[in-house]
**Student:** 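I have a structure I would like to understand better, so I am pasting it below and will then ask my questions one at a time.
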Amino acid sequence: MGVIMIDNPATHFNLKTHMNSRDLKIAIEKITQRGGLSNVGRAISFVTKNFFSKANGNRSSAPNVVVVMVDGWPTDKVEEASRLARESGINIFFITIEGAAENEKQYVVEPNFANKAVCRTNGFYSFHVQSWFGLHKTLQPLVKRVCDTDRLACSKTCLNSADIGFVIDGSSSVGTGNFRTVLQFVTNLTKEFEISDTDTRVGAVQYTYEQRLEFGFDQYSSKPDILNAIKRVGYWSGGTSTGAAINFALEQLFKKSKPNKRKLMILITDGRSYDDVRIPAMAAHLKGVITYAIGVAWAAQEELEVIATHPARDHSFFVDEFDNLYQYVPRIIQNICTEFNSQPRN
């Protein structure tokens with residue numbers, strides 16, 4: 001546990017300063033009132049940038065939770081700072097004490113500020129207390145909610161809550177050198193995610209006329225092991241049956257995906273498929289698999305758009321040369337995160 005003061009944000013003590021409840025209680029009792037403004041937005045920004053770091057005692061296995069207590073209303077805006085906090089995996093709870101009276105509402109900088117600040121707007125993260133004398137009544141409900149880790153929705157981010165299946169074209173037209181370039185592209189994408197058996201998991205399929213499961217979601221649970229597994233994938237060579245490969249990935253990879261994970265398929269191909277892709281792609285979409293289609297060289301643009309999740313402009317990419325694949329890594333990651341962060345907050 002740590003404490004941040006809101007007026008001019010600064011850390012009183014961080015997550016590892018006090019290691020037992022007795023010392024923590026003494027430290028809290030020594031905090032003095034400083035006065036000043038209720039700069040909640042600044043305080044949330046400060047926490048996002050500075051507080052939850054390994055150096056300050058943050059543990060990757062524990063949810064990050066912020067409880068904001070404000071008397072009346074914030075004197076600055078909270079929406080943008082809170083959005084960045086959510087996207088960083090921070091669960092914000094908001095306690096408003098003695099809210100604005102009817103004749104004071106004209107002074108509120110940002111109407112509906114509590115809903116703009118909290119992780120979700122379903123009431124789970126918000127408390128309104130009529131007076132300071134009633135604050136103690138929120139203690140047990142708050143503790144119960146903070147400890148209900150399954151409902152701490154903002155612990156999940158675009159980088160730590162997916163099952164990602166790479167479907168890799170190993171046909172003859174790719175060639176050994178270009179295949180290694182594709183694997184480097186897969187490596188570069190994988191490096192962006194938080195990998196573990198409880199965070200993002202990665203699997204891979206290679207295909208020609210036939211299909212081969214290179215490794216499944218539950219085979220490796222650390223980033224170094226995944227990266228080594230990608231490096232060891234051997235080039236197969238053969239034809240291009242992309243439709244069959246999608247079906248194979250659905251059966252051999254995504255059937256074993258965890259229910260609470262977003263399912264992402266990233267398919268890389270350099271040519272037109274010898275078989276139908278429309279029905280397998282539709283099956284993937286109906287099963288909730290978000291599909292990104294990356295085409296290189298001789299890949300057919302209209303086929304990529306059929307494979308890709310709607311809207312195709314956000315999920316299909318064409319690269320003229322294998323050596324330019326790396327340029328698309330930031331854009332693909334950005335699109336994955338934009339899509340994740342645009343989910344409704346109710």
**Student:** Is there a donor-acceptor pair under 3.5 Å between the side chain of Arg278 and the backbone N or O of Gly243?
**Tutor:** no

**Student:** Would you say Arg345's side chain and Val118's backbone share a donor-acceptor pair under 3.5 angstrom?
**Tutor:**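 Checking the backbone N and O of Val118 against the side chain of Arg345, a donor-acceptor pair under 3.5 Å is found.
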
**Student:** Report yes or no: is the cationic atom of Arg145 (NZ for Lys, CZ for Arg) under 6.0 Å from the centre of the six-membered ring of Phe124, at an angle within 45° of the ring normal?
**Tutor:**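 Checked: cation-pi criterion met.
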
**Student:** Can you check whether Phe193 reaches Ile333 side chain to side chain, under 4.5 Å on heavy atoms?
**Tutor:** yes

**Student:** With the side chain counted from C-beta on, respond yes when Leu15 and Phe51 share a heavy-atom pair under 4.5 Å apart, and no when they do not.
**Tutor:**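 Leu15 reaches Phe51 side chain to side chain.
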
**Student:** May I ask you to check whether Phe217 and Phe254 place their ring centers less than 6.0 Å from one another?
**Tutor:** yes

**Student:** Does the structure place the NZ or CZ of Arg272 under 6.0 Å from the centre of the six-membered ring of Trp298, at an angle of no more than 45° from the ring's axis?
**Tutor:** no

**Student:** Would a 4.5 Å heavy-atom cut-off, applied to side chains only, mark Thr96 and Asp71 as touching?
**Tutor:**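 Sidechains of Asp71 and Thr96: no contact.
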
**Student:** Fit a plane to each ring of Tyr292 and Phe317, take the angle between them on a 0 to 90° scale, and name the class: parallel (under 30°), tilted (30 to 60°) or perpendicular (over 60°).
**Tutor:**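 Parallel.
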
**Student:** Are the side chains of Thr269 and Tyr207 in touch, meaning some heavy atoms are under 4.5 Å apart?
**Tutor:** yes

**Student:** Quick check against the 3.5 Å criterion: does Asn160 have a side-chain atom that pairs as donor or acceptor with the backbone of Ser155?
**Tutor:**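 Side chain of Asn160 to backbone of Ser155: a pair is present.
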
**Student:** Taking NZ, NE, NH1 and NH2 as the nitrogens, is one of them in Glu87 or Arg83 under 4.0 Å from a carboxylate oxygen of the other?
**Tutor:**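 Salt bridge: yes.
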
**Student:** Applying side-chain contact (heavy atoms from CB on, under 4.5 Å) between Lys223 and each of Val202, Ile195, Asp199, report the one that passes.
**Tutor:** Ile195

**Student:** I'd like to know if Glu339 and Arg262 make a salt bridge, using a cut-off of under 4.0 Å between side-chain N and carboxylate O.
**Tutor:** yes

**Student:** Minimum heavy-atom separation for Asp270 to Ser173, with atom names?
**Tutor:**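 The answer is OD2-OG, 2.8 Å.
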
**Student:** Would you mind reporting whether Ile97 and Val70 have side-chain heavy atoms less than 4.5 Å apart?
**Tutor:**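 With C-beta onward as the side chain, the pair stays apart.
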
**Student:** Set out, in order, the CA-CA distance, both residues' side-chain angles and the distance that settles side-chain hydrogen bond (donor to acceptor under 3.5 Å, both in side chains) for Ser222 and Asp225, then state yes or no.
**Tutor:** CA-CA 5 Å; Ser222 74; Asp225 287 347; 3.2 Å; yes

**Student:** Would you name the heavy atoms of Tyr235 and Gly170 that are closest together and state the gap between them?
**Tutor:** CE1-O, 3.2 Å

**Student:** Can you confirm whether or not the ring centre of Phe185 sits under 6.0 Å from the ring centre of Phe322?
**Tutor:**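 Aromatic pair excluded; centres sit 6.0 Å or further apart.
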
**Student:** Whether the side chain of Asn188 engages the backbone of Tyr326 through a donor-acceptor N/O pair (distance < 3.5 Å, no angle test) should be reported.
**Tutor:** no

**Student:** Please name the pair of heavy atoms, one in Thr138 and one in Leu135, separated by the smallest distance, quoted to 0.1 Å.
**Tutor:** OG1-O, 2.8 Å

**Student:** Does a side-chain heavy-atom distance below 4.5 Å link Ser88 with Thr48?
**Tutor:**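 They are in side-chain contact.
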
**Student:** How about Phe127 and Phe94: are their ring centres within less than 6.0 Å of each other?
**Tutor:** no

**Student:** Atom CD1 of residue position Ile31 - does it have more than 12 heavy atoms of other residues, nucleotides or ligands inside 6.0 Å?
**Tutor:** yes

**Student:** Return the minimal non-hydrogen interatomic distance between Ile307 and Ala281, and the atom names on each side.
**Tutor:** CA-CB, 3.8 Å

**Student:** Any Lys/Arg nitrogen of Arg212 or Glu214 sitting under 4.0 Å from an Asp/Glu carboxylate oxygen of the other?
**Tutor:** yes

**Student:** Please determine whether a side-chain nitrogen of the Lys or Arg among Arg201 and Asp163 lies less than 4.0 Å from a carboxylate oxygen of the Asp or Glu.
**Tutor:** yes

**Student:** Hey, is the main chain of Lys263 close enough, under 3.5 Å, to the side chain of Ser257 for a donor-acceptor pair?
**Tutor:** no

**Student:** State whether the side chain of Ser241 and the backbone N or O of Ala244 hold a donor-acceptor pair below 3.5 Å, judged by distance alone.
**Tutor:** no

**Student:** Can you see which heavy atom on Gly271 is nearest to which on Thr240, and at what distance?
**Tutor:** O-CG2, 4.4 Å

**Student:** Can you list the steps and then say if Thr17 with Asn14 is a side-chain hydrogen bond (donor to acceptor under 3.5 Å, both in side chains)?
**Tutor:** CA-CA 5 Å; Thr17 307; Asn14 64 34; 2.9 Å; yes

**Student:** Test your reading of the model: is there a side-chain donor-acceptor pair from Asn91 to the backbone of Val66, 3.5 Å cut-off?
**Tutor:**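 No, because the side chain of Asn91 does not come within donor-acceptor range (under 3.5 Å) of the backbone of Val66.
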
**Student:** Main chain of Ser161, side chain of Thr200: is a donor-acceptor contact present, judged purely on distance under 3.5 Å?
**Tutor:** yes

**Student:** For the residue pair Met265 and Ile246, what are the closest heavy atoms and their distance?
**Tutor:**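 Where Met265 meets Ile246 most closely, the heavy atoms are CE-CG2, 4.1 Å.
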
**Student:** Given side chains that start at C-beta, do those of Val289 and Leu250 come closer than 4.5 Å, heavy atoms only?
**Tutor:**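 In contact.
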
**Student:** Do any N or O atoms from the side chain of Glu29 and from the backbone of Ile26 form a donor-acceptor pair under 3.5 angstrom?
**Tutor:** no

**Student:** Just so I know, are the side chains of Lys16 and Asn56 near enough to count as touching, which here means a heavy-atom distance under 4.5 Å?
**Tutor:** no

